[in-house]
Every structure is written in C-alpha cells, then in structure tokens.
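One structure below.
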Amino acid sequence: MVFSTLGDELLTITGLGDLSESGIDKLQLFSFESALPKTERDAYHYYWAQLRGENNPVRTIINGLAVSQSIDFYDRFIFANLSQRRFRDIIRVIGETVGNYPFAPTWWYRHRIDYLVSKGTIDFKPSEPTFDESSDGKIKLNMSNR
C-alpha cells in the first residue's frame, strides 16, 4: 500500500510490521476497516485451526498461502550465504541473507545462526579486537556436521 504523507512524500508499506502503533493512527488505517461476513470468519478460523493442528513451529507465506514449516525452514537461506572454505562476518552474512531472502527478520536469522553454531553445523571464530566493535565474529559451514 502506498500513502501520501504530510510532507508530500510517498510511504510504501508491505505489511503492518512496517508501521508503529502511532503510524497506524497517523495514516488513519482504521478508516479502511470493514466487517467480514460470518462465513468468511469461519473459513479463516478453520484454516488457522488446520495450520495449528499440523503442530509445526513456523508459519510462513508461500505463493500467497500460509503454511506450516519445520523450525529449520529458513536455514537454507543462511547456508546459501556461507562458504565451507572461508570465514565470513556474521553481520555481513545476516545482511546478505535478509537482502537476498527477505522472508524472516534479522533477529530470526541471528537466532538460527547461534543455534547452528551450538550444534556444530556452523564453525565460529571470534573477531579480533579492533576499535570498530561492529563485528560479532565470523562463521563458515562445517561440512563434517551437516
């Protein structure tokens, strides 16, 4: 959705996650609200109940449909930005992963990297101390544990 702001700028949002609570009020998004018929509410209810019944921890949108996936569903996108030969900066890997595969937030990719390091799937090397503390360390694929 695209909105014109007070400063004659265009604001593009792709979902409610792009807005703060005050942004919702400022853009008067509740003026677009309309009631859903009971049959449509029931359809959403049954669809969500089916997803919950699948008992997978991750819900994602694939081809416009919400589907359940396993916890490691997004790991393939992290692996695509890693090498088994050279270590890469964690922040750079997360940035490239989000840039190439913007399906999950940065905190999710970081959480999964930490988990994969703890399991030995990814090797970790702490950054050497520098004046610039913008690095959290370096990682690479550990093919012997994958």
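Excluded from the calculations below are hydrogen atoms, water molecules and symmetry mates; all remaining heavy atoms, backbone and side chain alike, are included.
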> Can you find a side-chain donor-acceptor pair between N56 and S70 that sits under 3.5 Å?
Replying inline: no
> Is the number of heavy atoms from other residues, nucleotides or ligands within 6.0 Å of CZ (R92) greater than 12?
Replying inline: no
> So, does N142 use its side chain to make a donor-acceptor pair with the main chain of G120 at under 3.5 Å?
Replying inline: yes
> With E54, which residues qualify under side chain to side chain donor-acceptor pair (under 3.5 Å), at least two apart?
Replying inline: S68
> How far does CD1 of I94 sit from CH2 of W108, to the nearest 0.5 angstrom?
Replying inline: 13.5 Å
> Do F87 and L141 belong together in a cluster built from hydrophobic side chains that touch within less than 4.5 Å?
Replying inline: no
> Does R76 reach the main-chain N or O of F73 with its side chain, forming a donor-acceptor pair under 3.5 Å?
Replying inline: yes
> Which pair of non-hydrogen atoms, one from L51 and one from V67, has the smallest distance, and what is that distance?
Replying inline: CD2-CA, 3.8 Å
> Short question: side chain of D72, backbone of D75 - any donor-acceptor pair under 3.5 Å?
Replying inline: no
> To the nearest 0.5 Å, what is the distance between CZ (R52) and CZ (R59)?
Replying inline: 8.0 Å
>> Tell me whether V58 shares a hydrophobic cluster with I62, the cluster being built from Ile, Leu, Val, Met, Phe, Trp, Tyr side chains joined at under 4.5 Å.
In response: yes
> Going through the checks in order, is the side chain to side chain contact (heavy atoms under 4.5 Å, CB included) test met by R110 and I90?
Replying inline: CA-CA 8 Å; R110 178 58 199 239; I90 291 175; 3.5 Å; yes
>> Pairing donors with acceptors under 3.5 angstrom, does anything connect the side chains of Y74 and T97?
In response: no
> Is a side-chain donor or acceptor of R88 paired with a backbone partner of N81 at a separation under 3.5 angstrom?
Replying inline: yes
>> I want to check something: taking the side chain as every heavy atom from C-beta on, are K125 and K140 in contact at a cut-off of under 4.5 Å?
In response: no
> Could you state the interatomic distance from CZ (R41) to OH (Y44), rounded to the nearest 0.5 Å?
Replying inline: 12.0 Å
> Any idea which heavy atoms bring D136 and I91 closest together, and the distance?
Replying inline: N-CD1, 4.1 Å
>> Membership question, hydrophobic clusters at under 4.5 Å side-chain separation (ILVMFWY): are F32 and I24 in the same one?
In response: yes
>> Set out, in order, the CA-CA distance, both residues' side-chain angles and the distance that settles side chain to side chain contact (heavy atoms under 4.5 Å, CB included) for T121 and Y115, then state yes or no.
In response: CA-CA 9 Å; T121 306; Y115 174 79; over 6 Å; no
> What is the minimum heavy-atom distance between P126 and F124, and which atoms define it?
Replying inline: N-CE2, 3.6 Å
> In the hydrophobic clustering (ILVMFWY, side-chain contacts below 4.5 Å, transitive), which residues join I61, or is it alone?
Replying inline: none
> In this structure, are over 12 heavy atoms from other groups packed under 6.0 Å from E21 atom CD?
Replying inline: no
> Under a single-linkage definition using a 4.5 Å side-chain heavy-atom cutoff for Ile, Leu, Val, Met, Phe, Trp and Tyr, are Y46 and L36 assigned to the same hydrophobic cluster?
Replying inline: no
> Do the ring planes of F77 and F103 sit parallel (below 30°), tilted (30 to 60°) or perpendicular (above 60°)?
Replying inline: tilted
> Roughly how far, to the nearest 0.5 Å, is the CD atom of E96 from the CG atom of D89?
Replying inline: 9.5 Å
>> Working to the nearest 0.5 angstrom, can you tell me the gap between I122 CD1 and L116 CG?
In response: 4.5 Å
> Under the 6.0 Å and 45° cation-pi test, does R112 pair with W107?
Replying inline: no
> Counting only heavy atoms not in Y47, do more than 12 fall under 6.0 Å of its OH?
Replying inline: yes
> How many angstroms lie between CD1 in I139 and CD1 in I113, if you round to the nearest 0.5 Å?
Replying inline: 4.0 Å
>> Give me the atom names and distance for the closest heavy-atom approach of A104 to Y109.
In response: O-CE1, 3.4 Å
